[in-house]
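Notes follow the structure.
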Amino acid sequence: MTDALPGTRGRKRVFLMRHGDVDYRAAEGRAILADQVPLTAEGERQAGIVGDVLRDIPFDIAAHTGLPRTVRTLDLILGERPVPRRPIPALREIRSGDFGLLSPERFEADFVYGFENAGAPGARFAGGELFADFQARTVPAFEQFILEAGWRTALLVCHGGTNAVLLAWITGGGLAGLGPFDQDPCCLNVLDFDVVDGVIIRKLIRTVNATAYNLAKDGLYQSVIERMAAQLRGAGR
């Protein structure tokens, strides 16, 4: 196998996904730490649908971020297919601060609208990780993954913020370009990269934020971050 898609010179394809639906409220109403949150029954259904859509794609390699929600999403999509799978921890979601320390006004500004302001000097996500640090750990890890030899089609399951940073890097928008890239649960982005002599010389976007379980986005009127904020408010953050 060459490291190029048929009819191309050095072109690779990445199926970049966000994990399936999760709920940040435990049964008793408290908030769950983001690293621990599992897929909901709806999230598992979504991943099953995507698995059907991608069942004939000849994946050479697959990766997740090591967190339960990305591992489970990937496993549901691939099932028993003998595709090598591994974690890339550097692609984990941006870390927020303690929501309990934010006033309602700051919660709205720093959480709900945090990604729109990511390009401002010193900007942090809800009092947590600097957006610049987030970009500095995710983009190089993604580039390294693309440049690895031995594959031409990959499945990569990450997080909404991670995907937004990577899509903004592809478009050249940088941190100021994060806001428009909403990533619905279990959404699919199809991305092509031309790699020649160890250098990425072209980036192509084929599909962004496609949801196989709801292609028309019927009823999806709130952004992902707005829905998360509603969950956290309901959990008594």
Side-chain angles (χ1 to χ4, degrees), residues 14-26 29 31-32 34 37-55 57 64-65 67-77 91-94 96 99 104 107-118 125-126 131 134 138 155-171 173 176-191 205-235 237:
V14 177
F15 290 78
L16 175 67
M17 295 188 60
R18 182 179 180 238
H19 58 80
D21 181 67
V22 296
D23 191 337
Y24 292 99
R25 296 166 298 183
I32 305 174
V37 69
L39 295 188
T40 62
E42 173 62 15
E44 300 219 352
R45 185 187 75 88
Q46 294 165 353
I49 293 171
V50 176
D52 288 340
V53 170
L54 300 181
R55 64 180 177 273
I57 302 297
H64 50 74
T65 68
L67 298 183
R69 58 193 186 274
T70 64
V71 176
R72 180 62 174 162
T73 300
L74 186 145
D75 285 345
L76 285 169
I77 291 169
L91 295 178
R92 291 183 178 183
E93 185 62 285
I94 190 168
S96 67
F99 297 133
F107 180 74
E108 186 78 8
D110 296 348
F111 184 80
V112 180
Y113 289 94
F115 278 68
E116 277 74 14
N117 300 316
F125 178 56
F131 279 99
F134 181 48
T138 53
L155 174 63
L156 180 56
V157 181
C158 295
H159 308 269
T162 303
N163 292 1
V165 165
L166 300 180
L167 290 166
W169 165 69
I170 290 169
T171 62
L178 298 190
F181 287 113
D182 199 29
Q183 294 281 281
D184 289 310
C186 228
C187 70
L188 180 64
N189 309 280
V190 182
L191 313 170
I205 296 177
R206 302 294 191 183
T207 302
V208 174
N209 195 28
T211 43
Y213 55 90
N214 186 354
L215 285 174
K217 306 288 185 180
D218 184 35
L220 291 176
Y221 305 126
Q222 289 185 314
S223 69
V224 168
I225 202 76
E226 287 169 340
R227 297 196 293 272
M228 288 176 62
Q231 287 184 357
L232 292 167
R233 291 188 186 104
R237 65 173 184 84

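For this chain, numbers begin at 1 and follow the sequence in order.
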Taking N189 for the side chain and L16 for the main chain, is one N or O donor matched with an acceptor at less than 3.5 Å?
-> yes

Distance, nearest 0.5 Å, that separates CZ of F15 from CZ of R206 = 10.5 Å

Between R18 (side chain) and N163 (backbone), is there a donor-acceptor pair under 3.5 Å?
-> no

Distance, nearest 0.5 Å, that separates CE of M17 from OG1 of T70 = 11.0 Å

Report yes or no: does T73 contribute a side-chain atom to a donor-acceptor pair with the main-chain N or O of G20 at less than 3.5 Å?
-> yes

Give every residue pair that meets the salt bridge (Lys or Arg N to Asp or Glu O under 4.0 Å) criterion with at least one member in residues 207-217, sequence neighbours excluded.
-> D184-K217

Mark yes or no for whether T207, through its side chain, and V190, through its backbone, hold a donor-acceptor pair below 3.5 Å.
-> no

Could you tell me whether the side chain of D23 reaches within less than 4.5 Å of the side chain of V37, counting heavy atoms only?
-> no

Heavy atoms, side chains only, cut-off 4.5 Å: are D21 and R227 in contact?
-> no

State which residues pass salt bridge (Lys or Arg N to Asp or Glu O under 4.0 Å) with R55; sequence neighbours excluded, sorted by chain then number.
-> none

The salt bridge (Lys or Arg N to Asp or Glu O under 4.0 Å) partners of E116 (sequence neighbours excluded) come to none

What are the two closest non-hydrogen atoms of L156 and H64, and how far apart are they?
-> CD1-N, 4.4 Å

Hey, does L188 have a side-chain heavy atom less than 4.5 Å from the side chain of L54?
-> yes

Do the side chains of R69 and H159 get nearer than 4.5 Å, heavy atoms only?
-> yes

Under 3.5 Å, is there a donor-acceptor pair between the side chain of N117 and the main chain of Y113?
-> yes

Reported CD-to-OG1 distance for the pair Q183 and T211, which is rounded to 0.5 angstrom | 10.5 Å

Would you check if the side chain of D182 reaches a backbone N or O of V224 as a donor-acceptor pair within less than 3.5 Å?
-> yes

Just wondering, do V165 and I94 contact through their side chains at under 4.5 Å, heavy atoms?
-> no

Backbone of G161 reached by a side-chain donor or acceptor of E93 within 3.5 Å | yes

Here the pair of heavy atoms bringing A164 nearest to L178 is O-CD2, 3.6 Å

Backbone N or O of L39 within a donor-acceptor pair of the E44 side chain at under 3.5 Å?
-> no

Write down the atom of I205, the atom of L191, and the distance for their closest heavy-atom approach.
-> CG1-CD2, 4.1 Å

Gap between atom CD1 of I77 and atom CD1 of I49 - 0.5 Å precision | 11.0 Å

Which residue, F131, F181, F134, forms the ring-ring contact (aromatic ring centres under 6.0 Å, His included) with F115?
-> F131

Could you tell me the separation between the OG1 atom of T138 and the CH2 atom of W169, rounded to the nearest 0.5 Å?
-> 10.0 Å

Distance col, row L67:CG vs R92:CZ, nearest 0.5 angstrom, shows 4.0 Å

